[in-house]
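Down below is the structure, laid out as structure tokens.
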Amino acid sequence: MQRVSLFFLILICLTDITIAGQKSKNSTPLKSGPLKKNVRQKTLKLISSKNLKIPFEINYGSYEWNHLSTKLDVTSVFIRDKNTGKIAKTLLSETEPDSAIFSGKLWVNWKQKSSISPEIYIPTNSRKIKQIAKKDFATLLKMGHLKKKPLLFKKYPSGNLVIDVYDTKKQVQKAKKHFKSELALKKQLEESKKTTPESPNSHSRLKLLEAQRLAKKQALIEKAQQISIDNENFRLREEQLERQKIILLIKKQSHIKKNGSTERALSYLKKGQAAYKINNFKKAEKYFKKSFQLDPNNDSYRFKYAVSLYRNQKLNKALIMLKLSNPSQTEKIEKQYYLGLIYYRIGEFKNALKKFRLCKLQNHTFISPSSAFYEGRILYALEKFEQAKAPFEFVLEHSKDPKLDQKAEDYLEKIALQQAYLKRLEHRHDLSMTTGFMYDSNVLLTASSAIAQGNALSVETPRVLLTSDYNYQIVYNRKNEFSLKASTQWLYSIKDEGAFADPLVVGVTAPYTVRGRVLGLPHQFTSTLGFETIYLPISTAAVRENLFNSVTLNFKSTFFMSRDWIAGYELKLRNDDSQLIFSDPSDESDAQLFSFETTQSFFADYTKKEGHEWKLGYTQNEAQGENKKYSRIDLGVTYFSTLSSWNATWYSLINLYHLTFQGSNPHADLNSTVLIGVKKPHKKWINYNFSASYTDSSSDVTTFTYDKYVVSMAAEFNWNF
């Protein structure tokens with residue numbers, strides 16, 4: 001009863017344990033085989049009338065596939081849709097080293113049906129998987145090389161679709177009962193989060209809810225620790241009985257020698273070692289046990305006997321045998337590693353951490369990185385996020401397993417998100433200010449920083465830049481975010497000749513963000529309503545007058561395609577109300593502006609400090625005056641990386657745009673800009689920025705033909721409170 005209770009407590013504490021497997025590129029369609037009629041199977045409705053790709057998460061546990069304790073093993077399964085006969089094959093990857101639990105994703109795009117009835121087939125001999133993959137599915141099925149497995153379809157409130165694969169219908173029934181309990185527990189926890197404290201302050205409510213959640217989790221952990229203590233008492237009793245058994249067996253040694261049992265014990269030992277080498281742990285356990293009973297004095301194999309017990313899920317027995325074993329010098333670190341694994345499996349995290357930290361320090365090629373991974377996994381589950389960083393970083397520095405590296409990076413990214421979330425709960429106000437100095441070789445007369453075209457004044461001058469941004473987070477939780485933002489931008493030219501191109505821009509925006517999943521991918525949608533007003537000197541350089549008032553509405557959809565790829569799509573709508581009065585109606589600047597832009601960002605690793613970003617955009621400005629109408633196409637690429645020796649980030653970009661004006665004097669401009677810069681943090685709240693750029697613009701009209709360079713340096717100050 002204690003073990004069952006412990007299992008459920010561990011399940012609650014260790015959240016988010018399933019790690020996604022391979023994506024659609026790992027799904028290989030095969031030839032369709034004959035369909036069996038009159039086969040009853042539940043239908044899982046997953047595909048709408050529109051042919052959307054829907055991801056299944058497939059989970060299966062197999063110790064036959066788990067060949068190494070320190071690496072992630074990979075295997076394959078076959079999926080057939082009973083309705084259409086279509087076949088696919090997908091890869092499953094081990095979720096953790098030595099977990100024997102395999103997980104993967106299959107992205108379905110079978111167009112004929114709006115629902116599918118999946119049948120999952122697994123090869124009976126995993127060693128022939130490469131040969132099997134090359135054969136025809138129907139032939140393999142007919143020959144009995146593939147076996148259909150009982151399935152449990154699970155749909156979570158979040159929309160995740162999971163197929164759990166089992167070996168018997170009885171296992172499915174137990175899993176189904178447990179899944180109902182799991183959903184009931186999740187519902188109970190969600191209801192508890194809805195409890196509204198008496199305090200009217202929304203910030204306080206969120207902090208209180210978070211504190212309540214942590215308190216409940218801590219209570220569960222404490223209860224699990226108490227059960228672990230009871231289990232340890234149980235194991236001590238079992239160890240005592242085991243030692244008594246050894247003493248009784250040793251007393252029979254004289255009889256053993258007389259009837260030749262020593263020779264038989266040696267024979268069983270050799271068979272056990274042979275089975276152990278090929279990972280046949282059931283046979284290895286059987287032969288080691290017989291050898292142990294016939295010759296208890298020989299403890300040379302006791303470590304392998306304990307490992308065999310562990311691989312056969314006899315955890316308490318394995319733990320006892322490991323403590324009784326006396327392994328060779330080379331096996332001592334393995335003994336500590338397996339002790340850590342057992343403590344981890346039964347939820348005794350304090351003991352597990354001790355063992356894994358010991359193994360991490362031994363500088364073993366495979367065991368040390370794997371131990372560090374488990375150390376980080378435990379600390380993450382206990383929500384000790386800052387402490388969990390170092391073990392995962394140790395994995396990245398020392399591991400030679402790319403799959404383990406990727407999972408460590410995934411956890412580091414999760415930690416960053418969790419810490420950002422907790423920090424935002426504590427600090428709702430963000431204030432940043434930038435002050436800088438630049439030298440502009442050819443100042444442009446342009447009404448808005450958002451529009452890069454403008455005629456050159458042929459004035460070179462030093463300029464001062466001042467900006468400020470304030471953000472107040474009104475609503476912030478894991479699914480929704482709403483804030484108010486205010487910003488100002490001011491340019492001041494040292495020479496009076498350039499003052500006519502010095503804008504003062506003031507803006508207010510209200511972005512609202514919703515997070516969730518779309519097409520099986522993490523997704524973030526943001527709608528932003530804003531107002532912007534621009535002041536420029538018109539008659540004299542000393543006085544700025546209101547030139548433009550604009551209302552903006554932006555919609556941005558961001559898809560997190562993978563760990564290192566983020567795709568953004570943004571629609572911008574803008575209404576410009578010009579305060580200028582023109583004698584010629586064709587020069588009227590009031591306009592409706594439409595813009596669409598996509599940004600594709602690719603990162604080298606989880607830190608997102610190195611990568612490249614591509615932008616493609618189209619803008620259509622429908623002004624009331626024919627001379628102010630234009631269309632514009634933008635293309636840009638940015639590369640950024642770290643300067644480790646200087647603890648800084650450097651970046652470079654190339655931006656091109658083609659601008660076409662209509663009206664009585666139509667013309668086309670082609671503008672190209674190259675920029676390189678360095679950003680260096682000084683403290684947590686100060687950043688220095690140095691940049692240099694060169695711009696070349698060619699046009700059908702001489703006024704818009706120019707070139708220029710800008711050199712700038714600025715300091716950015718950030719505060720959170």
Side-chain angles (χ1 to χ4, degrees), residues 61-73 94 96-100 126-127 235 238-250 252-253 256 261-346 351-352 355-356 358-359 362 364-371 374:
S62 173
Y63 279 88
E64 183 184 6
W65 295 344
N66 184 19
H67 301 295
L68 295 171
S69 299
T70 56
K71 289 188 176 182
L72 297 172
D73 295 300
E94 202 173 18
E96 296 175 355
D98 203 54
S99 68
S126 64
R127 294 178 203 165
R235 288 193 299 269
E238 287 290 307
E239 184 178 340
Q240 180 187 31
L241 295 173
E242 193 68 32
R243 289 184 182 278
Q244 291 174 356
K245 186 189 299 183
I246 293 172
I247 293 172
L248 291 174
L249 289 172
I250 291 175
K252 298 179 181 179
Q253 280 185 357
I256 292 174
S261 294
T262 304
E263 288 76 11
R264 285 190 291 138
L266 183 61
S267 175
Y268 284 130
L269 176 59
K270 290 180 179 179
K271 291 180 180 179
Q273 290 173 334
Y276 185 91
K277 287 182 179 179
I278 61 173
N279 296 334
N280 191 338
F281 297 107
K282 289 185 177 180
K283 283 188 176 181
E285 178 192 344
K286 174 184 175 182
Y287 291 132
F288 285 142
K289 183 177 181 180
K290 287 184 177 181
S291 181
F292 169 72
Q293 290 173 339
L294 293 172
D295 188 5
N297 278 319
N298 185 359
D299 62 358
S300 62
Y301 58 89
R302 201 169 292 166
F303 170 71
K304 291 184 174 63
Y305 180 27
V307 174
S308 300
L309 289 167
Y310 164 75
R311 298 299 291 269
N312 293 333
Q313 286 295 285
K314 298 178 180 179
L315 301 181
N316 279 296
K317 182 72 173 178
L319 191 57
I320 294 167
M321 193 56 64
L322 275 172
K323 291 181 177 180
L324 294 174
S325 67
N326 186 24
S328 64
Q329 189 65 30
T330 57
E331 292 175 332
K332 283 185 177 180
I333 184 174
E334 292 184 58
K335 174 180 176 178
Q336 299 303 316
Y337 178 70
Y338 278 106
L339 284 170
L341 287 176
I342 294 173
Y343 284 129
Y344 174 77
R345 302 295 180 204
I346 62 180
N351 290 331
K355 299 301 179 182
F356 288 135
L358 176 64
C359 293
Q362 301 305 309
H364 190 281
T365 305
F366 301 112
I367 291 179
S368 293
S370 186
S371 298
Y374 277 112

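- In this structure, the side chains of Met321 and Ser325 stay at 4.5 Å or more apart for every pair of heavy atoms.
- Residues Glu285 and Lys314 have side chains in contact (heavy-atom distance under 4.5 Å, counting atoms from C-beta outward).
- Residues passing the side chain to side chain donor-acceptor pair (under 3.5 Å) test with Tyr374, sequence neighbours excluded: Arg345.
- Residues Arg302 and Asn326 have side chains not in contact (no heavy-atom distance under 4.5 Å, counting atoms from C-beta outward).
- Counting non-hydrogen atoms of other residues, nucleotides and ligands closer than 6.0 Å to NZ of Lys71 gives a total of 12 or fewer.
- Between the side chain of Ser371 and the main chain of Ile367, a donor-acceptor pair closer than 3.5 Å is present.
- Taking the side chain as every heavy atom from C-beta outward, Tyr287 and Leu269 never approach each other to under 4.5 Å.
- The side-chain heavy atoms of Thr70 and Tyr337, taken from C-beta on, include a pair separated by under 4.5 Å.
- Residues forming a side-chain contact (heavy atoms from CB on, under 4.5 Å) with Ala284 (at least two apart in sequence, or on another chain): Ala275, Tyr276, Phe288, Ser308.
- At a threshold of 4.0 Å, the pair Glu331-Lys304 counts as salt-bridged, since one of the basic side-chain nitrogens sits closer than that to a carboxylate oxygen.
- In this structure, Tyr310 and Leu319 have side chains that are not in contact, with every pair of non-hydrogen atoms separated by 4.5 Å or more.
- Between the Lys355 side chain and the Tyr338 main chain, no donor and acceptor come within less than 3.5 Å of each other.
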